[in-house]
There are 2 protein chains.
Amino acid sequence: MSRTLNNQETVDADLADRVRAAAAELGYRRNGLARSLRLQRADVWALIISDIANPFFTAIARGVEDVAQREGFSVVLCNTDEDPAKEAQYLEVAEQEQVSGVILSPNEIGSDISQLTRLGVPVVAVDRPLRERVDSVLVRSAAGAQEATEHLIDAGWRRPACITGPETAQTAIQRLTGYRRALVARKKRPAASLVRHADYRADRAATATAELMDGRNPPDSFFVANSEMALGVLQELRRRGLRVGEDVGLVAFDNAPWTAFTDRPLSVVAQPAYEMGVLAGELLIERVGVPLDQQPAPRVRRLPTELIVRGSSLRP
Amino acid sequence: MSRTLNNQETVDADLADRVRAAAAELGYRRNGLARSLRLQRADVWALIISDIANPFFTAIARGVEDVAQREGFSVVLCNTDEDPAKEAQYLEVAEQEQVSGVILSPNEIGSDISQLTRLGVPVVAVDRPLRERVDSVLVRSAAGAQEATEHLIDAGWRRPACITGPETAQTAIQRLTGYRRALVARKKRPAASLVRHADYRADRAATATAELMDGRNPPDSFFVANSEMALGVLQELRRRGLRVGEDVGLVAFDNAPWTAFTDRPLSVVAQPAYEMGVLAGELLIERVGVPLDQQPAPRVRRLPTELIVRGSSLRP
DNA sequence: GCGTTTCGAGTAAACGATTTCCCAGAGTAG
DNA sequence: CTACTCTGGGAAATCGTTTACTCGAAACGC
């Protein structure tokens with residue numbers, strides 16, 4: 001039976017046909033659980049991301065999924081909502097369900113994947129690095145942030161603020177670093193009063209914008225670390241009757257589909273999200289089923305960003 | 001062991017502690033596969049949606065996930081990309097993995113879930129109906145579409161076009177129906193030349209817009225059946241130098257986060273996506289683990305839409 | 001024609017948990 | 001003191017597959 005269905009070794013063609021016919025007749029479906037239990041592996045990958053509503057991560061998910069589909073794996077998509085507890089829970093689920101690989105965008109650099117690696121389950125970090133040495137697909141966030149901020153200054157804005165992600169997220173840290181480097185490169189003094197951490201969420205970014213604008217020496221422009229937060233900034237600026245690309249400048253990370261159609265069109269730092277997903281999937285493929293002693297050394301891929309200048313960052 | 005870890009019946013407290021201590025010591029993790037095999041069920045739901053990049057579906061996913069988390073289930077998210085073959089594949093995976101429930105937004109009304117129902121796996125349809133009688137969470141799409149189109153006409157637009165989804169999708173059909181009803185209600189003759197099916201995708205909608213505008217008697221406004229396609233329409237209109245809410249009118253389904261910030265802000269038909277996910281999860285909860293003969297009759301919930309008027313649908 | 005090899009197919013063990021069954025030993029009543 | 005009841009926990013069956021092992025028959029060479 002098993003031999004027939006898996007087309008293994010030499011099975012008499014006639015018998016094989018009869019078996020298949022009988023299986024079809026009885027509506028036989030093989031039990032994936034039993035199969036996985038026996039094989040000690042499931043043809044499933046876990047993809048653990050921090051925000052399913054963020055187009056950046058859904059683009060990654062599509063990339064991963066395309067590779068998985070091609071290679072015969074199913075993808076279990078888990079959404080951690082930037083919550084370390086949820087992340088830990090899903091990592092445990094992945095372990096219990098014996099997935100053959102995990103692609104993770106960790107909440108923080110110290111996320112604990114030791115259980116998985118001990119069991120030989122390959123892990124690929126995507127978007128954000130891990131302290132443990134694993135395959136990683138990262139973006140040159142600092143360089144992208146620096147380019148964006150320098151562009152703001154070169155466009156004539158005097159006091160760019162930075163609204164970045166949570167202090168625990170490496171991407172948030174790197175984008176802040178890039179912002180600071182740009183100020184230094186353009187002979188400006190980085191001021192802590194112009195920096196806010198806003199958890200990558202729109203509403204937190206709106207609050208941060210309000211705080212900055214109500215400050216003693218408000219900024220005249222914003223570098224924002226993702227597109228969700230850009231929405232929050234836009235909302236707060238509109239509430240104050242300020243026009244982007246007119247009264248204030250704005251550049252944000254992520255080339256979300258809608259950014260070209262806002263009033264003004266948003267200047268963005270585009271990340272190759274889909275390609276990151278594909279790359280992560282391909283790195284994983286090279287590890288699943290490979291004996292531990294033949295595994296390649298951990299590889300790190302850093303992809304460049306691309307600054308796309310539209311109206312929001314320009315002065316009238 | 002099993003009895004200890006599941007806190008069953010009367011186990012001596014001391015022994016239970018020793019067992020737990022030993023388990024912790026040895027780093028014991030129970031094998032979810034073996035457990036599910038023996039129990040003939042996995043504490044997993046499959047959520048099969050047609051477009052992971054669409055914020056409407058990700059909002060549903062969040063609703064489902066919140067309920068699942070609360071009830072102790074994990075959610076496997078499957079993306080069919082509007083492809084019936086992928087949908088069939090994921091339905092089979094769901095069956096093989098013995099999930100305890102499936103929430104599905106079917107590609108077409110005839111999607112085959114008979115294997116699942118025969119095995120007693122409860123299925124909830126969300127967003128789109130199924131011919132088979134199952135629990136369903138739907139939206140009053142036709143009413144929403146009618147209201148939106150009537151609003152366009154009442155705002156002074158003379159020739160509203162309709163760009164809807166694929167002909168196989170029930171939501172697309174219903175929104176088209178609502179559009180037609182609005183024309184009739186406003187004493188206009190529905191013209192087939194003003195209707196396009198565009199697969200719910202931005203690029204197809206851009207093409208459809210170009211076709212309509214190049215037609216003999218072009219429309220002066222658009223009712224668009226989802227927010228993805230609205231982006232395509234905006235793109236094509238911009239390419240032609242036409243301003244929304246000025247030269248042409250526009251109303252679209254889905255209150256995506258960015259719709260308030262386009263130039264002009266988009267008038268939209270808001271769907272209660274998160275609530276739909278929650279409701280679907282709650283309907284499922286009432287079936288998982290319930291014997292077949294005690295299952296309630298299939299229930300259908302129809303949720304209302306809400307028209308949100310912003311600038312894009314108004315005449316100057 | 002007999003011994004050896006080959007090849008297909010049937011049988012049974014194993015994967016790791018849950019759960020039923022059963023027994024030993026304690027406890028209680030007569 | 002004996003007999004019966006009760007209870008905690010050990011042993012074994014079970015879930016549905018894969019796979020190693022075994023065995024019978026056919027084929028081949030000498």
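Every chain is numbered from 1 and lettered A, B, ... according to where its sequence line falls, protein lines coming before strand lines.
Using a 4.5 Å cut-off on side-chain heavy atoms (C-beta onward), A:Leu284 and A:Asp135 make no contact. A heavy-atom distance below 4.5 Å is not found between the side chains of B:Val76 and B:Val93. Proximity of B:Asn31 to A:Gln96: side-chain heavy atoms (C-beta onward) are nowhere separated by under 4.5 Å.
B:Gln295 places a side-chain N or O within donor-acceptor distance of the main-chain N or O of B:Val290, the cut-off being under 3.5 Å. Looking only at distances, a side-chain donor or acceptor of A:Ser136 sits under 3.5 Å from a matching main-chain atom of A:Val134.
Here A:Arg29 lies in heavy-atom contact (under 4.0 Å) with sugar-phosphate atoms only.
Going from atom CZ of B:Arg41 over to atom C1' of C:dT19 covers 13 Å, rounded to whole Å. Across the protein-nucleic acid pair, A:Leu26 atom CG and D:dG16 atom C1' stand 15 Å apart, rounded to whole Å. The distance between atom CG of A:Leu33 and atom C1' of D:dT18, rounded to the nearest whole Å, is 15 Å. When rounded to the nearest whole Å, the span between CD of B:Glu97 and C1' of D:dT17 equals 13 Å. In this structure, A:Asp17 places its CG atom 16 Å from P of C:dG8, rounding to the nearest Å.
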Enumerate all atom pairs, one protein N or O and one N or O from nucleotides 13-15 of chain D, separated by less than 3.5 Å.
{"residue": "D:dT14", "atom": "O2", "partner": "B:Arg38", "partner atom": "NH1", "Å": "3.3"}
{"residue": "D:dC15", "atom": "O3'", "partner": "B:Gln40", "partner atom": "NE2", "Å": "3.4"}

Please tabulate, one pair per line, all N/O donor-acceptor pairs under 3.5 Å involving side-chain atoms of residues 45-54 of chain A, not counting sequence neighbours.
{"residue": "A:Ser50", "atom": "OG", "partner": "A:Arg128", "partner atom": "NH2", "Å": "3.3"}
{"residue": "A:Asp51", "atom": "OD1", "partner": "A:Ala53", "partner atom": "N", "Å": "3.0"}
{"residue": "A:Asp51", "atom": "OD1", "partner": "B:Arg62", "partner atom": "NH2", "Å": "2.8"}
{"residue": "A:Asn54", "atom": "OD1", "partner": "A:Phe56", "partner atom": "N", "Å": "2.8"}

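In the displayed structure, B:Arg133 atom CZ is contacted under 6.0 Å by at most 12 heavy atoms of other residues, nucleotides or ligands.
When each of A:Arg302, A:Gln174, A:Met276 is checked for a side chain to side chain contact (heavy atoms under 4.5 Å, CB included) with A:Val139, only A:Met276 meets the rule.
For the helix from C:dG1-D:dC30 to C:dG30-D:dC1, the terminal axes (five pairs an end, C1' atoms, rotation from four pairs onto the next four) enclose an angle of 60°, given to 10 degrees.
A close approach under 4.0 Å does not occur between any side-chain nitrogen or oxygen of B:Arg30 and OP1 or OP2 of C:dA17. Contact between the side-chain N/O atoms of B:Tyr28 and the OP1/OP2 oxygens of C:dG16 is not found at any separation under 4.0 Å.
At a threshold of 4.0 Å, the pair A:Arg201-A:Glu82 does not count as salt-bridged, since none of the basic side-chain nitrogens sits closer than that to a carboxylate oxygen.
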